[in-house]
Amino acid sequence: MSRPVIRFLTAHDLPAYKALRDGGLKNDPEAFSSDFESEVHRPVESYAARLGQPPGNDFILGTFGPGGALLGAVVCVREARLKTRHEASLAGMIVAPQARRQGLGKALLTEFDTQVRRIPGIEHVVLGVTASNAGAVRLYEGAGFVRYGLLPRAIKLADRYFDTALMVKTL
């Protein structure tokens, strides 16, 4: 695959982002604490608060394929409280099913790392990932995240539970 186009999302990209996110919630419900049934009704404009670029605090990076289709996204949210402003969260990452295993997740995480380091005062990034998703855990480990804990039964789908691996990357 040729080098993916990765850039910050703008207001123009929000409908495509919402569609990608809604698809992820529907197709991989165990990977998200949000649920499709609630989020599908969320207005597109509600994601605008996360748009930005370093040195600002929050951003969404997207990776685009031929024709400009949004194939993946990763979200950065800086902690708002004064005592924890040194922390950012990788608040969500989605790669469309048809675009997986092509290096897009790795490329998104590489650019995420570059951009989060441009935010003044950020010392580490945290994330939670479904512990049984071995591919996602390996992807984050390959990007320098280490597991520091496990939240058992973090997600409940009907009568099934999924643990969340808690991970951190020191910058």
Side-chain angles (χ1 to χ4, degrees), residues 1-36 39-40 42 44 46-54 56-78 88-119 122 124-147 154-155 162 164-171:
M1 174 174 209
S2 62
R3 183 171 165 86
V5 174
I6 298 176
R7 65 170 172 78
F8 294 105
L9 296 192
T10 67
H12 175 77
D13 300 309
L14 288 179
Y17 173 72
K18 179 173 174 24
L20 178 70
R21 186 173 185 274
D22 286 350
L25 295 172
K26 186 173 186 178
N27 297 322
D28 298 307
E30 71 285 352
F32 302 93
S33 56
S34 298
D35 64 280
F36 174 78
E39 296 291 307
V40 72
R42 185 175 174 178
V44 169
S46 68
Y47 299 104
R50 291 188 171 173
L51 296 177
Q53 295 185 30
N57 296 322
D58 300 343
F59 61 83
I60 305 173
L61 287 170
T63 184
F64 296 83
L70 181 63
L71 300 176
V74 62
V75 179
C76 176
V77 176
R78 185 180 194 166
S89 294
L90 190 156
M93 184 163 157
I94 306 166
V95 174
Q98 73 274 15
R100 293 178 184 163
R101 293 176 182 75
Q102 297 177 30
L104 297 179
K106 182 178 180 180
L108 272 171
L109 288 175
T110 298
E111 186 63 18
F112 178 93
D113 184 76
T114 298
Q115 298 303 330
V116 77
R117 289 173 185 273
R118 293 181 55 215
I119 302 173
I122 297 296
H124 64 260
V125 178
V126 297
L127 65 84
V129 60
T130 303
S132 59
N133 187 339
V137 171
R138 276 192 309 275
L139 178 68
Y140 291 125
E141 288 173 340
F145 287 87
V146 294
R147 185 167 146 175
I155 295 175
F162 296 87
T164 295
L166 306 173
M167 303 183 83
V168 64
K169 180 177 183 174
T170 302
L171 302 182

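Because the structure is a prediction, the values reported are computed rather than measured. FYI, the numbering just counts along the sequence from 1.
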query: Excluding sequence neighbours, so at least two apart, what forms ring pair (Phe, Tyr, Trp, His ring centres under 6.0 Å) with Phe32?
result: none
message: Contact between Leu109 and Leu139 at the side-chain level, heavy atoms closer than 4.5 Å - yes or no?
response: yes
- line: Applying salt bridge (charged side-chain N to carboxylate O under 4.0 Å, His left out) to Asp22 and not counting sequence neighbours gives Lys18
- prompt: What distance separates Phe8 CZ from Ile60 CD1, expressed to the nearest 0.5 Å?
  reply: 11.0 Å
query: For the atom pair OG (Ser34) and CD1 (Ile155), what is the distance rounded to the nearest 0.5 Å?
result: 9.0 Å
- request: Check Thr110, Leu104, Thr63 against Ile6 for a side-chain contact (heavy atoms from CB on, under 4.5 Å) and give me the one that passes.
  value: Thr63
- request: List the atom of Ala91, the atom of Val77, and the distance in Å for their closest heavy-atom pair.
  value: CB-CG2, 3.8 Å
- line: Across all chains, not counting sequence neighbours, the side chain to side chain contact (heavy atoms under 4.5 Å, CB included) partners of Asn57 are Arg78, Arg85, Ile119
task: Measure the CD1-CG distance between Ile94 and Leu20 for me, rounded to the nearest 0.5 Å.
output: 4.5 Å
field: Residue list, side chain to side chain contact (heavy atoms under 4.5 Å, CB included) with Ser33, at least two apart or on another chain
entry: none
task: For Gln115, enumerate each residue passing the side-chain hydrogen bond (donor to acceptor under 3.5 Å, both in side chains) test, keeping only those at least two apart in sequence or located in another chain.
output: Glu111, Arg118
- request: Go through the structure and list residues passing side-chain hydrogen bond (donor to acceptor under 3.5 Å, both in side chains) with Asp28, not counting sequence neighbours.
  value: Arg100
- line: OG (Ser89) and CG (Leu127) are apart, to the nearest 0.5 Å, by 8.5 Å
message: Could you check whether any side-chain heavy atom of Phe112 comes within less than 4.5 Å of a side-chain heavy atom of Val125, counting everything from C-beta outward?
response: yes
task: Taking the side chain as every heavy atom from C-beta outward, state whether Pro54 and Phe59 have any pair of such atoms under 4.5 Å apart.
output: yes
Residue pairs involving residues 125-144 (criterion side-chain hydrogen bond (donor to acceptor under 3.5 Å, both in side chains); sequence neighbours excluded): none
message: Using every non-hydrogen atom in the two residues, find where Gly62 and Leu70 come nearest and quote the distance to one decimal.
response: CA-CD1, 3.8 Å
Side-chain polar contacts of residues 164-171 - donor-acceptor pairs under 3.5 angstrom, sequence neighbours left out - could you list them?
{"residue": "Lys169", "atom": "NZ", "partner": "Asp113", "partner atom": "OD1", "Å": "2.8"}
{"residue": "Lys169", "atom": "NZ", "partner": "Ala143", "partner atom": "O", "Å": "2.6"}

message: Using the side-chain hydrogen bond (donor to acceptor under 3.5 Å, both in side chains) criterion, which residues pair with Thr114? Sequence neighbours excluded.
response: none
statement: CD of Glu39 to NZ of Lys26, rounded to nearest 0.5 Å, is 15.0 Å
- line: CG of Leu9 to CZ of Phe64, rounded to nearest 0.5 Å, is 5.0 Å
field: ring pair (Phe, Tyr, Trp, His ring centres under 6.0 Å) involving Tyr47 - partner list, sequence neighbours excluded
entry: Tyr17
- line: Minimal heavy-atom distance between Pro15 and Ala11, with the atoms involved, is CD-O, 4.0 Å
Partner set under salt bridge (charged side-chain N to carboxylate O under 4.0 Å, His left out) for Arg147, not counting sequence neighbours: none
field: Residues that Phe162 engages under ring pair (Phe, Tyr, Trp, His ring centres under 6.0 Å), provided they are two or more places apart
entry: none
